[in-house]
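Convention: sequence-line order gives letters A, B, ...; per-chain numbering from 1. Source: prediction; values computed, not measured.
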Number of protein chains: 2
Amino acid sequence: MPRAGLTPEAVVDTAINILDAEGVGAVTLAAVASRVGVAAPSLYKHVRNLDALRRLIAIRIFHELADRLTEVVMGRSRDEALRELLLAYRRYAIEFPHRYAALPQAPPNDPELAAAGERVVEVIFAVLRGYRLEGEQLVHAARCVRAAAHGFASLETLGGFGRPESVDASFDTLIRILTDGLGKGTD
Amino acid sequence: MPRAGLTPEAVVDTAINILDAEGVGAVTLAAVASRVGVAAPSLYKHVRNLDALRRLIAIRIFHELADRLTEVVMGRSRDEALRELLLAYRRYAIEFPHRYAALPQAPPNDPELAAAGERVVEVIFAVLRGYRLEGEQLVHAARCVRAAAHGFASLETLGGFGRPESVDASFDTLIRILTDGLGKGTD
DNA sequence: CTAAAAAGCTAATGTCATTAGCTTTGAGGG
DNA sequence: CCCTCAAAGCTAATGACATTAGCTTTTTAG
């Protein structure tokens, strides 16, 4: 391993720094190379191409998000667990809006990326199992929770909530609606 | 108006055809120019630049979506109106996934674009006023509905729901949760 | 019939991604 | 210690695109 301490991980680190600072559009191989101090083509020694780098970034972010969700959910159950899960989800998106924006964007044909995303889903499942949900109902409920969390986070980080009313309060409303709706059995 | 019947509208039409057929990434000035039969620089006579074209596309799509929502909501109220609103929202996203994906992506610093997006929000507000919601509570409820609808549509069109369980049924669950949650007053 | 604006065009520049092929470095085996 | 070779870099070159500048051709208004 000659020269600079470049590794795929270091490349991803740098890319995420650029992502945080300048947004998804600024994550180019040229920008990463310049920041890291090598010529652009040198990056191909560590990463297949730009898409592959984006994939590595997404995997990293999914794991990071899943870790946070897992953390707040441990030792809690039902409404409390769901509430903390949703709050942590939104907190992540607000803290790292560009990372959040870099997330899905396309159906992952890739097992490792899919697995990373699946971790997030699994946390939701774990929480919902506490509501005695199982089988099909569990899947429906998880999709609803995921849709609500993602939709809110996405809209908020993209600046979609322009009015002056408290976004925190709106999110509390969302939490209330979800916990109420999941508490009762299916039709 | 010499030569070809090019107008900003025609350029947007062509761009949307490309969008539908090949996705957001394929919408380039080069592609539009080639499809329309002019040299790329000629497009600048009708559109300021690529960003401006994207903005026009987004405005068009917002209006189209708002028209559909408005249509299904007329003559209905409360749970029925909300249900049809949500169904129409999802239907649009499924019918035109690439148009849906081309939608927000950034906080609109532009009044016309903001107004077009606002039309969608206004339909939601109109429906929710039927629940006797007003003021702050109305805003919170509208944000929840929008987040849920957008999140679900976004995840579904991006292929986020991989499991075999019926997505229609999941969406029904979401509708139930929302109608139940809005029926009851605030805490 | 004519002049000026509108709509096109070609040429040129700059940014990226990506490939090909050459060079340097440093780690490990002798 | 020295040598070898693969890893890690580099430069040059190509190909998309967006965008600008400046020239030419149509139309349309008068």
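- Side-chain atoms of A/F96 and A/I61, non-hydrogen and from C-beta on, never get closer than 4.5 Å to each other.
- Between A/Y100 and A/Y89, the ring-plane angle classifies as perpendicular under the 30° and 60° cut-offs.
- Salt bridge status for A/D13 with A/R35: absent, with no side-chain N to carboxylate O gap under 4.0 Å.
- Contacts of residues 14-22 of chain B with DNA chain C (heavy atom under 4.0 Å): none.
- Note that NE2 of B/H46 and CG of B/L53 are 12.5 Å apart. Values are rounded to the nearest 0.5 Å.
- Atom CG of residue A/D172 and atom SG of residue B/C144 lie 9.5 Å apart, to the nearest 0.5 angstrom.
- A cation-pi contact, defined as under 6.0 Å to the ring centre and within 45° of the axis, is absent between B/R143 and B/F125.
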Classify every nucleotide of nucleotides 9-18 of chain C by which part a protein heavy atom approaches to under 4.0 Å, writing B for the base, S for the sugar-phosphate alone and - for neither, in 5'-to-3' order.
BBB----SSB
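- Counting only residues at least two apart or on different chains, the salt bridge (charged side-chain N to carboxylate O under 4.0 Å, His left out) pairs with a member in residues 86-96 of chain A are A/R68-A/E95, A/R90-A/E156, A/R90-A/D168.
- Of the side-chain N and O atoms in A/H46, one or more sit less than 4.0 angstrom from OP1 or OP2 of D/dG9.
- A/H140 and B/S170 share a donor-acceptor pair across their side chains, judged by distance under 3.5 Å alone.
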